[in-house]
J.: 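Handing you this structure, nothing more for now.
On a predicted model such as this, the values are computed, not experimentally measured, just so you know. Below, all heavy atoms of this structure are taken into account, side chains as well, without hydrogens, waters or symmetry copies.
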Amino acid sequence: MSDFRLEHINIPSKNPMDLAKWYSRTFGLLADNHIARGEGILMVFQEGTPIQSPDTFHIGFRVGGMSKLNEWRIRFDKTLKIGKEFSSFQLLDPEGNCIEIYAENSSS
């Protein structure tokens, strides 16, 4: 196993504390000022201009199977995009950042 891995993501935001709270409420993460964190997740929101480029940038959250993906899809009232290996849907956070929630098709 490699000792090289992604540990966090830093995202520009108009209001870092409010965006961290939104991710906390929406995805069950813990908000600590401008940071949202959970198991294997560390998102840092920094004062700046939001990326707002859904065609070229998104934040991907992988869930444990198609049944979990369907639970999230229903919660957000979205349509699944079925791919060869993965199925997913996308939504925008309050500042226009694209979020993709996905699962492997072969997972339960």
Side-chain angles (χ1 to χ4, degrees):
M1 186 161 127
S2 174
D3 63 351
F4 183 81
R5 65 184 193 186
L6 179 64
E7 284 292 323
H8 72 277
I9 186 166
N10 190 27
I11 300 170
S13 169
K14 289 185 279 187
N15 192 327
M17 289 177 52
D18 283 351
L19 198 53
K21 287 177 189 172
W22 183 85
Y23 276 85
S24 173
R25 286 189 310 272
T26 304
F27 298 109
L29 304 173
L30 299 174
D32 180 14
N33 293 315
H34 65 288
I35 297 169
R37 69 179 84 224
E39 187 176 333
I41 299 170
L42 179 59
M43 302 176 78
V44 180
F45 301 97
Q46 179 178 328
E47 187 78 31
T49 303
I51 298 169
Q52 297 178 332
S53 186
D55 292 337
T56 58
F57 174 81
H58 70 265
I59 301 161
F61 289 108
R62 184 174 178 166
V63 297
M66 291 301 292
S67 62
K68 288 291 181 190
L69 182 61
N70 274 310
E71 289 175 21
W72 284 103
R73 178 194 63 78
I74 291 166
R75 179 177 177 181
F76 291 110
D77 192 27
K78 297 291 182 178
T79 302
L80 282 183
K81 177 182 172 186
I82 308 297
K84 186 175 180 178
E85 295 180 52
F86 296 94
S87 293
S88 66
F89 67 89
Q90 293 183 336
L91 64 137
L92 299 178
D93 74 16
E95 293 194 6
N97 297 301
C98 185
I99 300 165
E100 180 178 56
I101 301 178
Y102 69 100
E104 282 186 78
N105 291 335
S106 60
S107 299
S108 58

J.: Between Ser13 and Glu95, what is the shortest heavy-atom contact and its length?
T.: OG-OE2, 2.9 Å
J.: Step by step, would you call Tyr23 with Ile59 a side-chain contact (heavy atoms from CB on, under 4.5 Å)?
T.: CA-CA 12 Å; Tyr23 276 85; Ile59 301 161; 3.6 Å; yes
J.: Can you tell me if Arg75 uses its side chain to pair, donor with acceptor, with the backbone of Thr26 under 3.5 Å?
T.: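 Checked: pair present.
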J.: Same cluster or not: Leu69 versus Phe76, using hydrophobic residues (I, L, V, M, F, W, Y) connected whenever any side-chain heavy atoms lie under 4.5 Å apart?
T.: yes
J.: Distance-only, no hydrogens or angles: does the Asp93 side chain make a donor-acceptor pair with backbone N or O of Gly96 under 3.5 Å?
T.: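 Confirmed, Asp93 side chain pairs with Gly96 backbone.
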J.: Cluster question for you: counting only ILVMFWY and a side-chain heavy-atom cut-off of under 4.5 Å, with indirect links fine, are Ile41 and Ile101 together?
T.: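 They do share one cluster, since a chain of ILVMFWY contacts under 4.5 Å joins Ile41 to Ile101.
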J.: State, to 0.1 Å, how close His34 and Pro16 come at their nearest heavy-atom pair, and which atoms those are.
T.: CB-CB, 3.7 Å
J.: Any idea how Trp22 and Phe27 line up, ring-wise: parallel (<30°), tilted (30 to 60°), or perpendicular (>60°)?
T.: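 Perpendicular, since the angle between the ring planes exceeds 60°.
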J.: Has the side chain of Glu7 got a donor or acceptor atom that lies under 3.5 Å from a matching backbone atom of Leu42?
T.: no
J.: Give the intermediate values and the outcome of side-chain contact (heavy atoms from CB on, under 4.5 Å) for residues His58 and Gln90.
T.: CA-CA 9 Å; His58 70 265; Gln90 293 183 336; 4.3 Å; yes
J.: Mind checking the NZ-CG spacing from Lys68 to Asn70? Nearest 0.5 Å is all I need.
T.: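 One finds 11.5 Å between NZ of Lys68 and CG of Asn70.
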J.: Honestly curious: do Leu92 and Leu80 fall in one hydrophobic cluster under the side-chain, below-4.5 Å linking rule?
T.: no
J.: Supply the atom-to-atom distance Leu30 CG to Lys21 NZ, rounded to the nearest 0.5 angstrom.
T.: 14.0 Å
J.: Can you tell me if Asn97 uses its side chain to pair, donor with acceptor, with the backbone of Pro50 under 3.5 Å?
T.: no
J.: Strictly below 4.0 Å, N to O, side chains only: are Glu47 and Lys14 in salt-bridge contact?
T.: no
J.: Are Ile82 and Val63 co-members of a hydrophobic cluster defined by side-chain heavy atoms under 4.5 Å apart?
T.: yes
J.: Quick check: does any side chain N or O of Ser53 sit under 3.5 Å from a backbone N or O of Asp55, one acting as donor and the other as acceptor?
T.: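 Judged by distance alone, no pair lies under 3.5 Å.
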J.: Quick check for you: to the nearest 0.5 Å, what is the distance between Ser24 atom OG and Asp32 atom CG?
T.: 10.0 Å
J.: Rounded at 0.5 Å granularity, tell me how far CD1 in Ile51 sits from SG in Cys98.
T.: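 Answer for the CD1-SG pair, Ile51 versus Cys98, is 11.0 Å.
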J.: Assigning hydrophobic clusters by single linkage (Ile, Leu, Val, Met, Phe, Trp, Tyr; side-chain heavy-atom cutoff under 4.5 Å), is Met43 placed with Trp72?
T.: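 Same hydrophobic cluster.
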J.: Test your reading of the model: is there a side-chain donor-acceptor pair from Asn105 to the backbone of Ser87, 3.5 Å cut-off?
T.: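 Between the backbone of Ser87 and the side chain of Asn105 there is a qualifying donor-acceptor contact (under 3.5 Å).
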J.: Less than 4.5 Å apart, any side-chain heavy atom of Glu104 and any of Met66?
T.: no
J.: Please work out which of the three classes, parallel, tilted or perpendicular, describes the rings of Tyr102 and Phe86, given edges at 30° and 60°.
T.: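 The rings of Phe86 and Tyr102 stand perpendicular, inter-plane angle above 60°.
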J.: Work out which heavy atom in Ile35 is nearest to a heavy atom in Arg37; give both atom names and the distance.
T.: CG2-NH2, 3.6 Å
J.: Mind checking whether Ile99 and Phe89 have side chains closer than 4.5 Å, heavy atoms only?
T.: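 Side chain of Ile99 against side chain of Phe89, heavy atoms only: no contact under 4.5 Å found.
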